[in-house]
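Predicted model, so just to flag it, every value in this text is computed and none were measured.
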Amino acid sequence: MRTFSRIAIALAATAGLVGATLPATASSAATPQWTELKSAPAPVSNPMKGFMPWAPAAGGKPVLAKGSLPYTLEWAPFPVKDVVTGRDTYDFTKVDAMLDSIASRGHQAAIRFYLDTPGEESGMPQYLIDGGTDKSRKYNFYDNEEISFSPNYDDPNVKEMLLHFIAALGDKYDGDPRIGYITAGLYGFWGEEHTYPYNGYVNDQNPDAINWMPSDEFRAQLVEAWDDAFDETFIQNRYPTEATKAHGMGYYDDSLGYATLEGTDWHFIPKLKKQGEGDAWQHSPIGGELYPSFQECAFSEPLRCPDMEAGRDYKALESIQKAHATWLINNDAFTVGYSGDELTRAKAASAAMGYTLQATRTSTTYNQVKATVVVDIKNTGVAPFYATWPLEVVLVDENKNNEIVASQTIESTLPSILPGQTGRVTARLPLPEKFRSNDSAQKLTAAIRVVNPLPNGMPVAFANEAMNKPLPGYLGLGTLTRGRAPKN
């Protein structure tokens with residue numbers, strides 16, 4: 001799977017500046033100058049981050065409550081049987097229909113596949129049910145009423161199906177621009193990688209320590225299978241293990257804001273730290289769900305949550321910040337909505353997630369034949385911009401209806417810019433012939449954007465006043481001046 005090298009990140013942190021640069025700048029007699037760029041508040045919504053709702057049925061339209069938030073991601077879980085129609089036989093029609101529907105709104109999807117969701121029919125492929133797979137693990141908790149059953153995940157036929165299914169998913173979807181994140185899921189209730197209370201430990205509901213979890217060996221096999229299948233698309237696991245650490249996985253917390261912070265050993269952050277994964281967010285994303293019963297009241301002050309449990313967090317913003325969360329399901333934010341100060345706090349929490357890119361200064365110069373555009377970009381968020389989406393620097397003729405007269409696409413190093421760090425981007429663009437005399441290049445304005453690979457995808461907004469100037473989706477950097485680019 002794609003993760004940014006820990007060594008590269010360490011070097012970036014030491015250097016303080018990283019960037020996509022081309023060969024050394026040509027010199028002129030002019031004195032190089034920097035222009036400071038005006039900042040703006042962090043955008044509430046940006047691609048690949050923030051709060052998200054459940055996606056409506058494929059082809060359906062979202063029904064949003066008053067006071068809902070802007071968003072760029074949508075959540076879509078699927079039963080495995082939607083895809084696996086026989087042994088090593090797959091039909092991706094339903095998944096593609098949902099991904100196309102989400103992409104039609106300019107959004108990316110976060111998805112999961114499951115075998116067992118309480119209250120829904122089993123997600124087990126029919127060929128395994130017909131073949132006599134173990135259906136004895138019926139249960140009544142979580143409002144299931146024996147509708148679904150917990151599979152025997154160590155059944156050789158189930159294991160084969162899951163491992164082959166992951167490989168097929170990778171062949172089909174690795175690097176698909178319609179997908180932002182895949183939570184590994186597959187086993188456990190809701191595909192959340194747990195079978196509590198039947199997880200092998202004595203508790204009030206499980207006095208005999210019944211264990212419905214897969215073996216540790218098979219869980220490690222699944223992690224390796226995900227890593228083998230996906231080189232580009234981000235894969236996230238619910239719980240850290242030696243295998244998830246070895247394979248550089250991201251993580252998700254489906255109880256964020258409720259059981260996230262330190263102070264209780266089974267909360268999310270303590271589990272990460274115990275496994276030596278407290279800094280995993282530096283190379284792989286953290287996602288999850290704002291704890292469902294906490295969503296409606298999460299931004300009230302004082303908290304008006306009913307039946308609050310002792311020992312739980314009930315802290316949304318602090319959990320986001322300390323977990324370095326990039327995305328979260330928060331369906332109530334869209335089906336119920338917020339108002340007044342609660343809406344303001346919810347927007348701030350959504351803006352606080354993940355990256356915030358702010359261009360701090362720029363140099364836009366030209367000589368007889370080319371322009372040199374340099375821009376320093378600071379990450380003021382809580383996590384990196386993980387996606388290796390390219391950057392595009394353009395020259396715009398504002399006197400000709402904002403015509404782009406030159407452009408250069410640059411391989412991105414944004415994933416290496418950790419929170420609080422600054423990276424540098426340098427582009428050198430040949431000037432069109434008509435701008436090579438009489439200082440006519442001074443009519444041109446430089447601008448930059450992050451290229452969303454989804455054709456109609458939402459643009460990445462910089463936290464700057466000049467965002468969407470002179471063109472939608474671009475950050476204006478200033479007009480060209482004769483001179484040479486600064487070296488530092």
Side-chain angles (χ1 to χ4, degrees), residues 36-53 62 64 67-74 102 105-110 180-181 281 285-287 290 298-299 316-317 320-321 323-330 333-334 337-338 341-362 375-387 389-392 412 414-415 417-423 425 447-454 456-477:
E36 302 297 318
L37 295 170
K38 293 183 179 180
S39 63
V44 174
S45 176
N46 241 336
M48 301 287 283
K49 59 167 280 186
F51 286 134
M52 77 174 82
L64 302 176
S68 62
L69 305 177
Y71 61 101
T72 65
L73 289 163
E74 299 184 37
I102 293 171
R105 294 184 280 275
H107 298 163
Q108 268 92 8
Y181 306 97
W281 62 270
I286 304 293
L290 195 64
F299 302 105
L317 182 59
I320 287 168
Q321 293 170 331
H324 299 271
T326 286
W327 63 266
L328 290 173
I329 306 163
N330 179 6
F334 306 93
Y338 302 108
D341 290 342
E342 291 186 42
L343 177 59
T344 300
R345 296 185 197 105
K347 288 181 176 180
S350 190
M353 275 184 261
Y355 66 89
T356 297
L357 303 178
Q358 186 176 93
T360 57
R361 63 178 185 171
T362 188
V375 57
D376 284 354
I377 299 172
K378 185 175 183 179
N379 184 353
T380 63
V382 299
F385 184 99
Y386 298 99
W389 294 358
L391 299 163
E392 182 191 27
S412 175
L414 292 178
I417 308 176
L418 297 181
Q421 293 184 357
T422 299
V425 173
I448 189 171
R449 70 166 177 148
V450 182
V451 182
N452 189 329
L454 195 65
N456 65 329
M458 304 292 287
V460 174
F462 289 83
N464 288 93
E465 285 188 5
M467 186 64 211
N468 295 315
K469 303 173 184 177
L471 291 169
Y474 289 82
L475 171 65
L477 300 174

Heavy-atom closest pair, residues [X] and [Y]:
X	Y	answer
Pro384	Leu418	CG-CD2, 3.7 Å
Gly476	Ala447	CA-CB, 4.2 Å
Ala109	Ile102	CB-CD1, 3.7 Å
Gly381	Pro419	O-CB, 3.2 Å
Pro43	Ala463	CD-CB, 4.2 Å
Ala316	Leu290	CB-CD1, 4.2 Å

Within a strict 4.5 Å, meaning less than it, do heavy atoms of the [X] and [Y] side chains meet?
X	Y	result
Trp389	Leu391	no
Trp281	Thr326	no
Gln108	Tyr181	no
Leu317	Arg345	no
Pro62	Arg105	yes

Between [X] (side chain) and [Y] (backbone), is there a donor-acceptor pair under 3.5 Å?
X	Y	value
Lys49	Thr72	no
Asn452	Met458	yes
His107	Tyr71	yes
Asn464	Ala359	yes
Ser350	Val44	yes

So how far is it from [X] [atom1] to [Y] [atom2], rounded to the nearest 0.5 Å?
X	Y	atom1	atom2	value
Tyr386	Ile286	OH	CD1	6.5 Å
Tyr355	Ile377	OH	CD1	12.0 Å
Leu37	Gln358	CG	CD	9.0 Å
Phe299	Leu343	CZ	CG	10.0 Å
Met52	Ser45	CE	OG	11.0 Å
Leu477	Lys469	CG	NZ	13.5 Å

Would you sort out whether Asn330 and Tyr338 count as a side-chain contact (heavy atoms from CB on, under 4.5 Å), showing the intermediate values?
-> CA-CA 12 Å; Asn330 179 6; Tyr338 302 108; 3.2 Å; yes

Of Val460, Asn379, Ile417, which is the lone residue that meets side chain to side chain contact (heavy atoms under 4.5 Å, CB included) with Phe385?
-> Val460

Who are the side-chain hydrogen bond (donor to acceptor under 3.5 Å, both in side chains) partners of Arg449, not counting sequence neighbours?
-> Glu392, Tyr474

